[in-house]
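See below for the structure under consideration.
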Amino acid sequence: MNEPEKNESRRSFLVKLSTSLAALSAVVASVPVLSSFFAPLLEKTPQVWRNVGELSKFKVGDTTLVQFQNADPEAWAGVTAHTAAWLRRDSEKSFTAFSANCTHLGCPVRWEKDAELFMCPCHGGVYYKDGSVAAGPPPKSLVRYKVRINKNQVEIQTSPVPITSISA
Amino acid sequence: MKFLKKIWHWVDDRSGLTEIFLPLIKHPVPPGSKWSYVFGSATLFCFILQVITGVALALLYQPSSSGAYQSLEFITNKAAFGNVLRGIHYFGASGMIIMVGVHMIRVYITAAYKYPREMGWISGVILLFLTIAMGFTGQLLRWDSNGVWSSVVAAEQLGRVPVIGRPLARLLLGGDTIGGHSLSRFFAYHVFIIPAFIFLVVGYHLMLVIRNGISEPPKAGRLVDPKTYRQWYKDMLKKVGVPFWPYAAWRDIIFGTATIAVIILLAVFAGPPKLTQAPDPSMVYSQPKPDWYMLSIFSLFALMPARIESYMIVIGPLLTIFLLLALPFASNKGERSPLRRPWAVFGSVCVVVFVLSLFLAGERSAWSPSFNAKPLTAAQINSADTTVISGAALFYKKGCLYCHKINGQGGLKGPDLSHVALRLSAGQMTTRIINGGDQMPAYGGIMSNGDMHKILAFLDSRR
Ligand code: FES
């Protein structure tokens, strides 16, 4: 091998080496960067039971709006940590809790007491008392939350905002 | 004087100002590029206005889920000229979206995307979507109940993407629900991430304008031939080209200034959108409605048949992006004049009419129940019959009035029932009420016979 050729191969090796080192450092630096972007996917929020009031507060047959805190509210979340559900006392011992999010595109449904219907303000979705679709674009029934009675207190289990998937 | 000149020479020589910028502002452009060429620069003017007013707003804004709403109240009601500042940023966004749209239509109609300007079109399409993304995230940063529910709606739409829908929705909201992370993320998107891309792509878009030259005004019968075009364009510029500054630029400056003047006037006299309630997701009595530039999309989803909707949420945007990006590959040579491309003109008109009618439909939002309908008055009921009167009360209580109009009062979703008894017999009405339909609940299971009887008596008196 003559001199220039040897130099050339040495040079190309060094070029490869230095660019790979640069690429490696970029990859390493991007780990924390991407983690911050994907943070919501990396952490799992355990769901918890939230007290929504004393048993005696709810009359049998009535559907009322209950408000409670999300599972894991950050100190800087302020009022955005609140969630609501429509809670109905079906009988002495049983409750049904509906998510307030329309299954169409998530707008807040309201219970119309006299009509006994849930109505959505966004695109006119309507649901019957049992949460099944009565009219409009919603593809499926209102989502239910878990409720339990714990020593005279009514508790609802927190849950993610219900996201309707394409198969629904 | 001589001394000042010397200083300038030094500065200019060492900084390279003239050397760098003179060729840019003096670059030759084809003659006759008149008023139809001002929309791109007007978009740029709006963008610069947005950057400056955006920075000013950031001086007053609290980018946190808990504080953003209060800081908006502060900007709107207390800060000196805060309301005008918000107004400029809002109408600046509106202006930018309109100008992007008009610029794009102009480029399409005069086929300026053809050889060799394909990349100009593609970078422009990217800028269009970045602009829309800015409009959307900006609306969220207002962080009132509208902002909260708009982000939920966006999350739901992302949720329809097959397989990765749920993670995408979670990523958008910053967790399982709206919360502390939501606003921080929207802020980062709106203020750092998307603008960074816009700066990059705008820079590239402008570089391409210099490199390929402004497209010459089309002439019917003069075809673009990729083999000869570049040479032809060069020769044409040499023969008849005029320097961009000031022969073409003065129009850009006048139009851009006028645009900004209109934006400021609107900001002062019309003001920014009013804040709705606090960003509390547990306050369900809220009627979310997007800003005007999102209204057409909002209507589209309200009007689309529910069966295909979930698919269209995913396929629609992808298809639009694909078609727009494919355009310069599908046709990159030949005729450019709109006179010889009637279908292109027709297509553009159709798109504009379609978007406008969706917008108007969105303004009316006939599909939304009118929750603010008031009970019917005695004059509207216009009857002494007690059954009819109690039927009218029930008509309100059972929610019928939210969707049906009676003598000017009520919603727009269902048919106007002011004279329903002239069209339908009592029997036909009963069937409809009991069975409902796609857009109406079946009241059969939820209304007593007595109530039904009263409502029928009321409806039967509507002649
Ligand atoms: S979000 Fe409820 S009907 Fe569309």
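In what follows, every heavy atom counts, from backbone to side chain, and hydrogens, waters and symmetry copies are set aside. Nothing here was measured: the structure is a model prediction, and the numbers come from that model. Proteins come first, then strands; the chains are lettered A, B, ... in the order of their sequence lines, and each starts at number 1.
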Proximity breakdown for A/P138 and chain B, heavy-atom pairs closer than 4.5 Å = neither

Interatomic distance, B/Q157 atom CD to A/T164 atom OG1 [nearest 0.5 angstrom] = 11.5 Å

Cationic tip of A/R110 above B/F371 ring, under 6.0 Å, 45° of axis = yes

What one should report as the nearest heavy-atom pair of A/V126 and B/P441 is CG1-CG, 3.7 Å

Counting only heavy atoms not in A/N150, do more than 12 fall under 6.0 Å of its CG?
-> yes

Which answer fits A/S159, side chain, backbone, both or neither, if we ask what part of it has an atom under 4.5 Å from a heavy atom of chain B?
-> backbone

Kindly say whether A/G125 contributes a backbone atom to a donor-acceptor pair with the side chain of B/W367 at under 3.5 angstrom?
-> no

Contacting moiety of B/L394, where chain A heavy atoms sit under 4.5 Å | neither

Check whether any side-chain N or O of A/Y128 sits under 3.5 Å from a backbone N or O of B/A442 as a donor-acceptor pair, and report yes or no.
-> yes

Between A/G78, A/A39, A/G124, which shows the greatest number of heavy-atom pairs under 4.5 Å with chain B?
-> A/G124

Can you name the closest pair of heavy atoms from A/P108 and B/S286 and give their distance?
-> CG-O, 4.1 Å

Rounded to the nearest 0.5 Å, what separation is found between the CG atom of A/L41 and the CG atom of B/L171?
-> 5.0 Å

What closest approach, in Å, do B/S65 and A/T80 show between heavy atoms, and which atom pair accounts for it?
-> CB-OG1, 3.5 Å

Can you check whether B/V284 reaches A/L65 side chain to side chain, under 4.5 Å on heavy atoms?
-> yes

Return yes if some donor-acceptor pair links the side-chain N/O of B/S66 with the main-chain N/O of A/W76 below 3.5 Å, else return no.
-> yes

Quick one: of B/P167, B/G165, B/C403, who has the most non-hydrogen atom pairs under 4.5 Å with chain A?
-> B/P167

Heavy atoms, side chains only, cut-off 4.5 Å: are B/L173 and A/P40 in contact?
-> no

Nearest 0.5 Å please: distance from the CD atom of A/E74 over to the OG atom of B/S182.
-> 8.0 Å

For B/P281 and A/V79, the nearest pair of non-hydrogen atoms, with its separation, is CD-O, 3.4 Å

Can you tell me how far the CG atom of A/D114 sits from the OH atom of B/Y396, to the nearest 0.5 Å?
-> 9.0 Å

Would you indicate whether the side-chain heavy atoms of B/W149 and A/N101 approach each other to under 4.5 Å?
-> yes

Applying a strict 4.5 Å limit to non-hydrogen atoms, the region of B/V163 in contact with chain A is neither

Begin from the C-alpha positions of B/F298 and A/H123 and carry the test ring pair (Phe, Tyr, Trp, His ring centres under 6.0 Å) through to its verdict.
-> CA-CA 9 Å; B/F298 173 78; A/H123 319 99; 5.1 Å; yes

Within-4.5 Å side-chain heavy-atom neighbours: A/L117 and B/Y443 = yes

Could you tell me whether a side-chain N or O of A/N70 sits under 3.5 Å from a main-chain N or O of B/D176, the two making a donor and an acceptor?
-> no

Counting heavy-atom pairs under 4.5 Å to chain A, which of B/G399, B/A302, B/P279 comes out on top?
-> B/P279

Heavy-atom donor-acceptor pair, B/R160 side chain to A/I166 backbone, under 3.5 Å | no

Heavy atoms only, distances under 4.5 angstrom: which of A/K113, A/E43, A/K129, A/E116 has the most pairs with chain B? Name it, please.
-> A/E43

Considering residues, nucleotides and ligands other than B/K405, do more than 12 of their heavy atoms fall under 6.0 Å from its NZ?
-> yes

Interface moiety of B/K413 toward chain A, non-hydrogen atoms closer than 4.5 Å | side chain

Donor + acceptor pair across side chains of A/H104, B/E309 (<3.5 Å) | yes

Atom CG of A/L105 and atom CD of B/E156: how far apart are they, to the nearest 0.5 Å?
-> 6.5 Å

Report yes if some heavy atom in the side chain of B/S282 is under 4.5 Å from a heavy atom in the side chain of A/T83; otherwise report no.
-> no

Please determine if B/R185 forms a cation-pi arrangement with A/F37, meaning its NZ or CZ atom is less than 6.0 Å from the six-membered ring centre and no more than 45° off the ring axis.
-> yes

Part of A/V66 lying under 4.5 Å from any heavy atom of chain B = neither

Donor on one side chain, acceptor on other, B/D280 and A/Q67, under 3.5 Å | no

Taken to the nearest 0.5 Å, the spacing of A/C107 SG from B/K289 NZ works out to 12.5 Å

With no hydrogens and no angle check, is any side-chain donor or acceptor of A/E112 less than 3.5 Å from a backbone partner on B/K398?
-> no

Is there side-chain contact between B/P288 and A/P121, with at least one heavy-atom pair below 4.5 Å?
-> yes

Could you look at A/F38 and say if it's the side chain, the backbone, both or neither that has a heavy atom under 4.5 Å from chain B?
-> both

Taking all heavy atoms of A/G106 and all of B/V152, pick out the closest pair and write down the distance.
-> O-CG1, 3.6 Å

